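The sequence lines fix the lettering, A, B, ..., with proteins before strands; numbering per chain opens at 1. Every value quoted in this text rests on a predicted model; they were computed, and no experiment measured them.
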There are 2 protein chains.
Amino acid sequence: MNTKDLAYFDQLIKQKNFSKVAASFGVTQPTITMAVKRLETEFNTKLFLRDRAHHELIVTDSGQQLAVHAQSILGELDIAHQELDHLTQQRIILGLPPIIENHYFPRVAARLQELGMLENIQTLEGGSVWLRNALRDGQADIALLGSAEPLSYQTLLAEEFDRKPFNIFVSAQHPLAKRKRIYFSELKGEKFVLFTSSFVHNTAFNKLTRRNHFRPDVVFRAADTHVIMNLVAENVGVSFLTDIVDQHRHDVVRLELLDDEQPAFITSIVTRTSHVLTGTQQRVLKVLRETLEE
Amino acid sequence: MNTKDLAYFDQLIKQKNFSKVAASFGVTQPTITMAVKRLETEFNTKLFLRDRAHHELIVTDSGQQLAVHAQSILGELDIAHQELDHLTQQRIILGLPPIIENHYFPRVAARLQELGMLENIQTLEGGSVWLRNALRDGQADIALLGSAEPLSYQTLLAEEFDRKPFNIFVSAQHPLAKRKRIYFSELKGEKFVLFTSSFVHNTAFNKLTRRNHFRPDVVFRAADTHVIMNLVAENVGVSFLTDIVDQHRHDVVRLELLDDEQPAFITSIVTRTSHVLTGTQQRVLKVLRETLEE
DNA sequence: ATCCGTTATAAAATTAATTTATAATAGGCA
DNA sequence: TGCCTATTATAAATTAATTTTATAACGGAT
């Protein structure tokens, strides 16, 4: 069976129009008719009901079912292409969310350079959620991901390498600045300056506000830690971050949280379960583990 | 790309010999050479190193990686064939382990018959572990599985419908027969008659012996409940079963366990996540749920 | 009644896969 | 060394599969 037929079929399920599918693949319309016929013969079933009366194309139960498998097969094929591309180019695509890239990656990069392996690494940046999908879909080979819960996905293998509590950052002039530790509930009524993008921080933060029954007054969201820190220093609001960011400022004070069962910023090395590690990749992983898990 | 090429490739990975693979598919040897060439072109990589010197075929890293995907694609295709077969024959293959079939299925069957849906059901019998794989591989569509822990698998969807504690069955003449409840540790030194096949019972039993630090003296194992019960009645040994079996005997006494955190015989309705439920299948599932979860 | 947008069909053309026949390579062994 | 064997590769011929071209069929809309 030709996978091209599955691709035609997959599009037909989506577009529900033979001629348009043909056009989108740059082939003629009878090609699609024939492809569907071949699949119907191969699987010994009707895949579509051609209801010309109400000019719509009805997908049969079999069609629905095959569509799921077609997608899965085409996806797998796509991953195979990407993986083999990376392999032959001796290139490992390493997914890194910005915060992790800033805090953890410099160490790793230094070590990889010592060993002459840095040239084989190409980083791919994006939020943790986006990278998780990129990894699943074969765009990345390894990723360092942050999460509020231990990662566990069908097709991914996660190995936790660090776990940091979240802290509260306040301006040195802020009344709470004299404290060392506080309960999250004491922040009721505060103004907050938070991350805009990071899924993980928001998940953890929302969990805490919900648990403490208050709606936070978020006055600003920024994608960059320094922007947030500057705003905190100016006492525009307080922030909620891990201490992997920027501890060397005298105008900002870090407060630990005293709450039980605090969420943590968990960092993991993640790979696809279907990915076969080459020698080089195993060596890179070893370096990642040794550098990160100390 | 033709999936036939992947099938040739998959076998070549396993057999490492072009001529033999050709023979096993009933084609000539150059066909395999050409198929590999097509894949190498398609993925722009070398898949094998033909080391004629030590006459062995070396699989490259790319080859290893593609092999994983090839298997996955061929497996998916196989599942698709089976599922569509069942669909067009309006047939639902229901996997049932013997104990569940005996205890739970009669009720279900009666209800399905009332609704005229029994004829669409075909049962597939086997142990829980075997059935789990059969379900994953598309041989069955729905299964009722027993387990000692809640089921959780990558590609399967489990829905618990019952949970029964395990009991101890002793002969009416046995010293413990006067008791109603005992601790598992009191069985140290007893002879046991157990199930031979059932993974679930053994898992639970082993957990308890390990926790209570003794090596059980298993004098006999049988695949059939009645055989076990007869042996227990004759005081050949005591047994470890759920009370879904055979309570109407006067020569055998059932004892409850007093231990904390006892393992349970958990029964679940299990389906493949990739399976699209047709109307009929949804109706059958509804009957299963209604009949079983009461 | 004719036109439009659809999908199907059949023959021809094109492209792809397989076979046949044979070459090439290297080890084993007399 | 030279011949035999077990391999895999190559090239031309054959066969099979896919796609195009051209046209039909269908049913709704104008």
Of the candidate nucleotides [options], which contains the atom at the shortest distance from the side chain of [X]?
{"X": "A/Thr31", "options": "D/dT20, C/dT20, D/dT8", "answer": "D/dT20"}
{"X": "B/Thr28", "options": "D/dT10, C/dA10, C/dT20", "answer": "C/dT20"}
{"X": "A/Ser19", "options": "D/dT19, C/dT7, C/dT20", "answer": "C/dT7"}

For the pair made of [atom1] in [X] and [atom2] in [N], what is the distance, rounded to whole Å?
{"X": "A/Met34", "N": "C/dT9", "atom1": "CE", "atom2": "C1'", "value": "7 Å"}
{"X": "B/Arg50", "N": "C/dA23", "atom1": "CZ", "atom2": "C1'", "value": "17 Å"}
{"X": "B/Lys4", "N": "D/dA17", "atom1": "NZ", "atom2": "P", "value": "7 Å"}
{"X": "B/Leu12", "N": "D/dT8", "atom1": "CG", "atom2": "P", "value": "8 Å"}
{"X": "B/Tyr8", "N": "D/dT8", "atom1": "OH", "atom2": "P", "value": "16 Å"}
{"X": "B/Ile32", "N": "C/dT18", "atom1": "CD1", "atom2": "P", "value": "8 Å"}
{"X": "A/Gln29", "N": "D/dA22", "atom1": "CD", "atom2": "C1'", "value": "12 Å"}
{"X": "A/Lys46", "N": "C/dA8", "atom1": "NZ", "atom2": "C1'", "value": "12 Å"}

For [X] and [Y], which I'm curious about, is there any donor-acceptor pair between the side chains at under 3.5 Å?
{"X": "B/Tyr153", "Y": "B/Arg132", "result": "yes"}
{"X": "B/Glu160", "Y": "B/Ser268", "result": "no"}
{"X": "B/His69", "Y": "B/Gln65", "result": "yes"}

Taking only side-chain N and O atoms of [X], does any of them lie within less than 4.0 angstrom of OP1 or OP2 on [N]?
{"X": "A/Lys37", "N": "D/dT18", "value": "no"}
{"X": "B/Arg38", "N": "C/dT15", "value": "no"}
{"X": "B/Thr33", "N": "D/dT8", "value": "no"}

Exercise. When the nearest nucleotide of DNA chain D is assigned to A/Met1 and to A/Pro30 on a heavy-atom basis, which residue is associated with the more 5' position?
Worked result: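 That would be A/Met1.
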
For this session: Assign each of A/Asn2 and A/Lys20 to its nearest nucleotide of DNA chain C by heavy atoms, then name whichever residue's nucleotide is nearer the 5' end.
Result: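 Per heavy-atom nearest nucleotide, the more 5' residue is A/Lys20.
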
Exercise. Looking only at heavy atoms, which two atoms of A/Arg221 and A/Phe195 are closest? And how far apart?
Worked result: NH1-O, 2.9 Å

Exercise. Do B/Thr60 side-chain atoms and B/Gly63 backbone N/O form a donor-acceptor pair below 3.5 Å?
Worked result: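 At least one qualifying donor-acceptor pair exists.
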
